Amino acid sequence: IINCLEHSAKVAGVEILRNSLVKTIEILPDKIYLVRCKNGSSFLTKRLLLATGGHPTGFKISAQLGHKLLKPVPSLFSFSINVPSITGSSGLALDDVSLSLKVGSESFEGFGRVLFTHWGLSGPVVLKMTAFAARVLNENQYQGRLKVKWVHKYEDEFIYEKLNQMRHLKPKKTIGS
């Protein structure tokens, strides 16, 4: 992926500077940026992309440029659900699961693959949902109501076959409601 991005940048005429930790950015007339680096070098540019992740320097430079900053909150996390039938199924995954999350007055919907873990639920649909719900979850001390529709589109016969398969593959597992 990195090679693809670098190639596309070069084709577009982007110059990539490595080992050039940014110290300050100043906005000059005509919206030209003067970028000064810690190694003593500097350069001018008409366009600038700040991609600093959660590094404090990125927040400092963004604020100096006049951007309004929001307090960072954790994102992309799993749901902690202390239900033995879920935690006891650690390692299993289900596709086509519908999730509805209610946090405060906000609602979030998701559909996709869910992974059972020893502490609750994870997987692509959970991670995507928590990314969108991160701020609201933080404001509500990570408390909410999760509704799960395990079998979204399947007929009863298909469910019966799957349960029967699991009964033979993992005869010591217990399935509960």
Side-chain angles (χ1 to χ4, degrees), residues 1-6 8-9 12 14 16-27 31 33-39 45-153 176:
I1 293 174
I2 291 172
N3 291 340
C4 179
L5 291 172
E6 285 181 348
S8 295
V14 174
I16 298 172
L17 302 176
R18 300 185 194 286
N19 301 315
S20 301
L21 190 62
V22 173
K23 184 177 177 183
T24 62
I25 299 172
E26 185 181 337
I27 303 173
K31 296 185 180 180
Y33 297 96
L34 171 60
V35 181
R36 290 189 179 95
C37 300
K38 288 198 175 185
N39 64 9
T45 184
K46 291 180 183 179
R47 293 188 180 100
L48 185 67
L49 170 68
L50 289 178
T52 63
H55 195 277
T57 302
F59 294 114
K60 180 182 169 188
I61 291 172
S62 296
Q64 288 172 347
L65 292 172
H67 294 285
K68 179 183 174 195
L69 304 175
L70 299 175
K71 176 187 156 218
V73 298
S75 179
L76 301 175
F77 48 85
S78 300
F79 290 131
S80 177
I81 302 173
N82 191 15
V83 175
S85 60
I86 290 176
T87 57
S89 299
S90 179
L92 293 178
L94 286 177
D95 290 320
D96 302 326
V97 175
S98 293
L99 299 178
S100 298
L101 177 64
K102 177 92 169 151
V103 184
S105 62
E106 304 249 2
S107 295
F108 304 88
E109 304 288 326
F111 179 79
R113 186 175 186 87
V114 170
L115 174 67
F116 292 75
T117 69
H118 63 281
W119 63 84
L121 296 176
S122 190
V125 68
V126 173
L127 297 175
K128 184 175 181 181
M129 181 178 277
T130 59
F132 285 102
R135 292 205 177 280
V136 178
L137 281 163
N138 180 265
E139 291 165 4
N140 287 274
Q141 291 74 48
Y142 298 94
Q143 299 297 309
R145 184 178 246 355
L146 180 68
K147 291 184 182 180
V148 181
K149 186 173 180 186
W150 300 109
V151 285
H152 180 73
K153 64 179 182 180

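Nothing here was measured: the structure is a model prediction, and the numbers come from that model.
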CA sep, side-chain torsions, deciding dist, call: Asn140, Glu106, side chain to side chain contact (heavy atoms under 4.5 Å, CB included): CA-CA 11 Å; Asn140 287 274; Glu106 304 249 2; over 6 Å; no

Min side-chain heavy-atom separation Asp96-Phe111 under 4.5 Å: yes

Enclosure of Asn82 CG (heavy-atom neighbours >12, cutoff 6.0 Å): no

Gap between atom CD1 of Ile61 and atom OG1 of Thr24 - 0.5 Å precision: 7.5 Å

Least distance between heavy atoms, Ala131 atom then Leu76 atom: CB-CD2, 3.7 Å

Ser8 side-chain N/O to Leu5 backbone N/O, donor-acceptor pair under 3.5 Å: no

Heavy-atom pair with the smallest gap, counting every atom of Ser89 and Phe116: O-CB, 3.2 Å

Non-hydrogen atoms of Ser122 and Leu127 that approach each other most closely: OG-CD2, 4.2 Å

From Lys60 atom NZ to Gln64 atom CD, the distance as rounded to the nearest 0.5 Å: 5.5 Å

Side-chain heavy atoms of Tyr33 within contact of Ile27, under 4.5 Å: yes

Gap between atom CG of Leu92 and atom CD1 of Ile86 - 0.5 Å precision: 11.5 Å

Passing option when Val126 is tested against Val97, Thr117, Leu99 for side chain to side chain contact (heavy atoms under 4.5 Å, CB included): Leu99

Exercise: identify the closest heavy-atom pair between Glu109 and Met129: C-CE, 3.4 Å

Rounded distance (nearest 0.5 Å) linking atom OG of Ser100 with atom CZ of Arg145: 12.0 Å

Exercise: identify the closest heavy-atom pair between Phe108 and Phe132: CE2-O, 3.5 Å

Greater than 12 external heavy atoms within 6.0 Å of Lys38's NZ: no

Any Val114 side-chain heavy atom under 4.5 Å of Val148 side chain: no

Arg113 side chain near Asp95 side chain, heavy-atom distance below 4.5 Å: yes

Where Leu69 and Phe59 come nearest, the two heavy atoms and their spacing: CD1-O, 3.2 Å

Within-4.5 Å side-chain heavy-atom neighbours: Asn3 and Glu6: yes

Contacts of Phe77 that satisfy ring pair (Phe, Tyr, Trp, His ring centres under 6.0 Å) - sequence neighbours left out: Tyr142

Note, Thr57 side chain near Leu21 side chain (heavy atom, < 4.5 Å): no

Flag side-chain contact, heavy atom, 4.5 Å: Lys23 against Cys37: no

Spatial distance of atom CG (Leu101) from atom CZ (Phe79) [nearest 0.5 Å]: 4.5 Å

His67 NE2 to Leu50 CG distance, which is reported to the nearest 0.5 Å: 6.0 Å

